Each structure stands twice: as structure tokens, then as C-alpha cells.
Amino acid sequence: MVQIATTTTERLTVASGRIAESLGGADVAAVDEEVLLRAMRDIAEVRNAADLVLAALAAEAARRSERDRGYDGLAQRKGHRTVGSLVQTITGQSKAEVTRAMKTGEELAAVTDTSPSAGLDSAVPAVPTWERMLSDALERGSIASPQYRAIRTGLGAPPVERYPELDPQFLPQAWAQAVEILLEEAHTVPVEQLRADARTARDRLDPVGVTLRFEERFAARSLRTWIDEAGQHQARISFDDEAAAWVHAIMNAALRPRRGPRFVGEGAKQKAADAAADERTNEQLQYDTLIAVLRAGAAADPQRAFGDRQPGVRIVVEASAIADAGERGEMRVTGVGHLEDGGQALPGGVIEKHLCDAGSLAVSIDQNGRPLDLGRERRLFSAKQRTAIAIREGGCIGPSCTAPPSWCEYHHIDHWWEHHGKTDVDDGVPLCRNCHLRCHNLGWRITRERDTVTGDDSYWLHKPPDPATGKTVPPERLRSASPRRFAGQWARE
């Protein structure tokens, strides 16, 4: 059973008291900015602690409602068929929320089990280190329940049985390392990105599983259409991984004028004006694009359907994952690749098919990811430089931004005119249109710091003093654990 830590109830009590003290009877519109932000943090603390307590109570309710108790079970005695229905009625939460709470409570119960039968085999720890690290972080309040679930479900458990040639402790130790990185990252990225990065780590550590999961999703592909009561034709699609990447590339190309790089070059003003004049919603534009592709087929004119760039899927593969590349008829992919947009893993067979259909572009980099410098000979980054930067960073590095490379522009951290910056990959970073404009319009600066021992680079965001208070804003370390960079760590370690 789960033991509710005293520190959890203390967090709940202390944070609730601060909220009552700072907001009791206050007019929210008149609240000072610092008080407003502090109150939001306190409310988050209360919710996180309350979610943890609820998970423990829901798991205990489930234990008292087990099937073998029959009509004497808690849920049955209270007139409910299932414990989920009982908890839903009491809390007013959705079925999915209650299910997640009970699952979290059950996992915490397994970790905190202190029964005499736990861990009888001294050769195998009763609780793996990586599970203990996750549960401790949740109980301390350093991560919230949604972040816990994102890491827990994204990583899954180490599939030791798939790799009998490895030391039995190798994968559990690698899982612990992944959890350590993800826990650090949890403070800088949204839950959705944290879940994606957990999947990336899992796929990197379990290449056999990449193929198995790909085949499962491929077998589950489907298209269903129906007509609703109002006569509207509806559809539901379950994509396989490869087709989904292609559809996303098409839709990103259609929406690029709105959310991606600004128009440059010949006819830029007219293209920008045309995009601004389009009154369709993003959903309508995506629908029209899909219909245009279906009607025109493979011979569609890219100018007609996609604006100024033909959509495509770019897969990043390390050279070490390709065996016998120089031998005629012998080349094979022995590792996995990752989609440039999103970082999802693809198995070797899919990569070989794309190599056959579309070929490849070689990007040579050193161990710290530094290729292709052009100095001040050119003002704009070349296509190959942009590809290299995208591979290195995996998307926009703006604060809390998860825009993929296809939405990004490429920014000189030492501005070309103002600071005589160089068009070098080291000093180029991907920023989505919004972050790029904020960087220039709000006076933000990005600086690079290189570790003299490891050679790794860190990027820091420097904001001007707060205009409301005049206070100096401390620099903020920008995201460096993107899907691509995150995956790259496993290659080096």
C-alpha cells in the first residue's frame, strides 16, 4: 500500500496557507504581478500534492474493491460496479483522469512496498533504481503527476529479456541515466515534449523495440468514415508512423506561411500579402490541402498546393548505423533513425526504403556537432548549414518552445550587422518566427558558452531589465535536450 509522506501533506498545508494569505478577498485585476505569479506557483504546488494524495487514496480504494471481495468490496457496497465509477462520482474527474490517478497510486505502492516478502532475492533489487528516482521526485514535489506519467509511460520498463547478450544490469542502469536527464529536463519543457523525449530515449536504448512498435502501429492503421445526425461527413484515421510523417510534412508546408519562416527572396512581399489575405482557419487550410493532394495525386504542382516549398520527410541517421555503405549491393541499416520534425524513431527497414527512393545528404560534423563555417563570406546560412543546425538542436531553442525545424528561421547569435557576426554553425541557432521576432524586437541576446573539458556548448538567453520594475533579469539557460540532441547523448555515452 502507499504511505502518504508527511512532507506531501505539509506541502499541501503550507502552500494553501500562502494562497489564502496573498489572495484572500483580493481583486485579481488589482493583484501585483509578483503576487500573481507566486500564487500560481503555490496553486500548482497544492494541485501537485493533492494529486499525489488522491492517487494514493484511489489506489487504496481499488485495493479494497478487488474482485475477490465480491459484494463486500468498497465500490460494490457503495452502489458502483467499478472503483473507477466510485472515484469519478466523488471527484467529478473524467474516466481518463481517474485511471491515471489509480495507475500512479499502484506504481507508487509497488515502490513503497515494505512487506516482508518484498526483495527476498538479494541479487535483484526489490525496486529498480530508475523507479525509485521517479517516485522520489514525485513525492518531493520536484515533478507533478502529469510529468511523472509522461516519463513513466514514455520510457516504459527496460526490456532486459530482448537482449540476453547484455549484462542484466546494463539496461536498468541506462534507464536510471535516462530518468536523471528527463527529471532535469522536466523543468524546462512542456509535458508533451517531455513525453516525446522519454520515447526518444527508450527508442535509442531499445532499437529492437523500435521495429516491434512500428509494426504494431502499422497493423493498427485504419480509415473510418460515417455521416453524423446533421448530415456532416466525418472521418477518423489511425496513421502508421511513416504515413503520419508524410502527412505532417504536407500540412506543415501548407501552414508554413503562417507560422514558419518569413518569406524572403523574389516576390516575398506578394507572397506575404497573399498569406495575410487568406481568411481560412488553419483547420480549413489543412482540409483544403489534403483534398488538393488527393485530387491532383502524385503529380501535384507544388506551387498550387504547398506554397513555395515541396513538402518532404527528412530522417536523420548516424553514419555508424549504416553498415557496408561503400559495398555495392551490401549496404544495410543496422540502427535506427529519427524524424527531423519531432524526433520519432524509425526502424532500419524504413530507412533503407527511403535511401532507395530519395537518396541521402551527408552532413559531416565533429564530436561536438560543429560543421560547415562560412565566416562573413555569406550573409545567410546555406541549406546544408541549416540542415546541420536542425540536426544539432532538433527545433526552436526559444524558452519553452517546441516548434520543429520546419517552422524555424536561423539566427546569428552575434548579429550580422551590429556585432559583425559570422555565418558559422556554432553561432547559428534555430528560432521559430515568434521567438525570432521577440529576440530582435525585445532586445534579447543569445550567447554561447563552451565547456573547455567536454567541448559541449550551452546557450543562454539574456533579456533587458524588466520594464515594469527596472530589475535586472538573470540569464536563462536555453533548452539543450531537444529530441535530436537528447538522442545524440546516447551515441556518445
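As the structure is a prediction and not an experimental result, all values here were calculated from the model.
Asp197 and Gln193 share a side-chain donor-acceptor pair at under 3.5 Å. Side-chain N/O atoms of Arg477 and Ser458 include a donor and acceptor closer than 3.5 Å. Judged by distance alone, the side chains of Ser94 and Glu97 do bring a donor and an acceptor atom under 3.5 Å apart.
Rounding to the nearest 0.5 angstrom, the gap separating the OG1 atom in Thr289 from the CG atom in Leu285 is 4.5 Å. Rounding to the nearest 0.5 Å gives a distance of 8.0 Å between CG of Leu194 and CD1 of Ile143. To the nearest 0.5 Å, atom CG of residue Leu37 and atom CG of residue Asp32 are 9.0 Å apart. Between Leu12 atom CG and Asn48 atom CG the span is 10.5 Å, to the nearest 0.5 Å. Distance check: His248 NE2 to Leu255 CG gives 12.0 Å after rounding to the nearest 0.5 Å. Summarising the geometry, atom CG belonging to Leu52 is positioned 4.5 Å from atom CG belonging to Leu138; distances are rounded to the nearest 0.5 Å.
Residues Thr129 and Gln173 fail the side-chain proximity criterion, which asks for heavy atoms closer than 4.5 Å. In this structure, Pro464 and Trp444 have side chains that are in contact, with non-hydrogen atoms separated by less than 4.5 Å. Residues Phe170 and Val160 fail the side-chain proximity criterion, which asks for heavy atoms closer than 4.5 Å. Counting only heavy atoms from C-beta outward, the side chains of Met40 and Ile43 never approach each other to under 4.5 Å. Counting heavy atoms from C-beta outward, Pro430 and Cys396 have side chains that stay 4.5 Å or more apart. Side-chain contact check for Pro399 versus Glu476: some heavy-atom pair is nearer than 4.5 Å. Here the side chains of His411 and Ile446 are in contact, with some heavy-atom distance below 4.5 Å. Looking only at side-chain heavy atoms (C-beta outward), Trp130 and Pro158 come within less than 4.5 Å of each other.
Comment: Asp241 engages Arg217 in a salt bridge, judged by a side-chain N to carboxylate O separation of less than 4.0 angstrom. In summary, Arg63 and Glu60 engage in a salt bridge, as defined by a charged side-chain N under 4.0 Å from a carboxylate O. With respect to Glu139 and Arg132, no salt bridge is recorded, no charged nitrogen being found less than 4.0 Å from a carboxylate O.
Leu431 and Gly398 make their closest contact through CD2-N, 3.9 Å (heavy atoms, listed as atom of the first residue, atom of the second, distance). Minimum interatomic distance between Thr447 and Ile413 (heavy atoms only, all atoms of both residues): C-CD1, 4.4 Å. Across all their heavy atoms, Asp451 and Val453 have their closest contact at OD1-N, 2.7 Å. The two residues Pro347 and Val210 have their closest heavy-atom pair at N-CG1, 3.6 Å. In plain terms, the two heavy atoms of Met102 and Ala62 that are nearest each other are SD-CB, 4.3 Å. A pairwise comparison of heavy atoms in Arg149 and Lys103 identifies NH2-CG, 3.6 Å as the closest pair.
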Problem - From CA spacing to verdict: side chain to side chain contact (heavy atoms under 4.5 Å, CB included), Leu36, Glu33 - result: CA-CA 5 Å; Leu36 183 147; Glu33 282 187 359; 5.5 Å; no
Exercise for the section: Determine, stepwise, if the pair Thr8 / Arg140 fulfils side chain to side chain contact (heavy atoms under 4.5 Å, CB included). Expected result: CA-CA 7 Å; Thr8 302; Arg140 288 195 310 271; over 6 Å; no
Practice task
Test Val247 against Ile237 for side chain to side chain contact (heavy atoms under 4.5 Å, CB included), laying out the working first.
Solution key: CA-CA 12 Å; Val247 171; Ile237 304 177; over 6 Å; no
Problem - Residues Ile389, Val429; criterion side chain to side chain contact (heavy atoms under 4.5 Å, CB included); working and verdict - result: CA-CA 7 Å; Ile389 295 171; Val429 293; 5.6 Å; no
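Asp206 contributes no side-chain N or O that, together with a main-chain N or O of Arg202, makes up a donor-acceptor pair within less than 3.5 Å. A donor-acceptor pair under 3.5 Å is formed between the side chain of Arg221 and the backbone N or O of Phe218. Trp175 places a side-chain N or O within 3.5 Å of a backbone atom of Gly156 that can act as its donor or acceptor partner. Side-chain atoms of Gln147 come within 3.5 Å of backbone atoms of Ala144 as a donor-acceptor pair (strictly under, hydrogens ignored).
By the neighbour-count criterion of 12 heavy atoms within 6.0 Å, atom CD of Glu21 is sparsely surrounded, having that number or fewer from other residues, nucleotides or ligands.
Cation-pi contact between Arg152 and Tyr148: absent, since separation from the ring centre below 6.0 Å together with deviation from the ring axis within 45° is not met.
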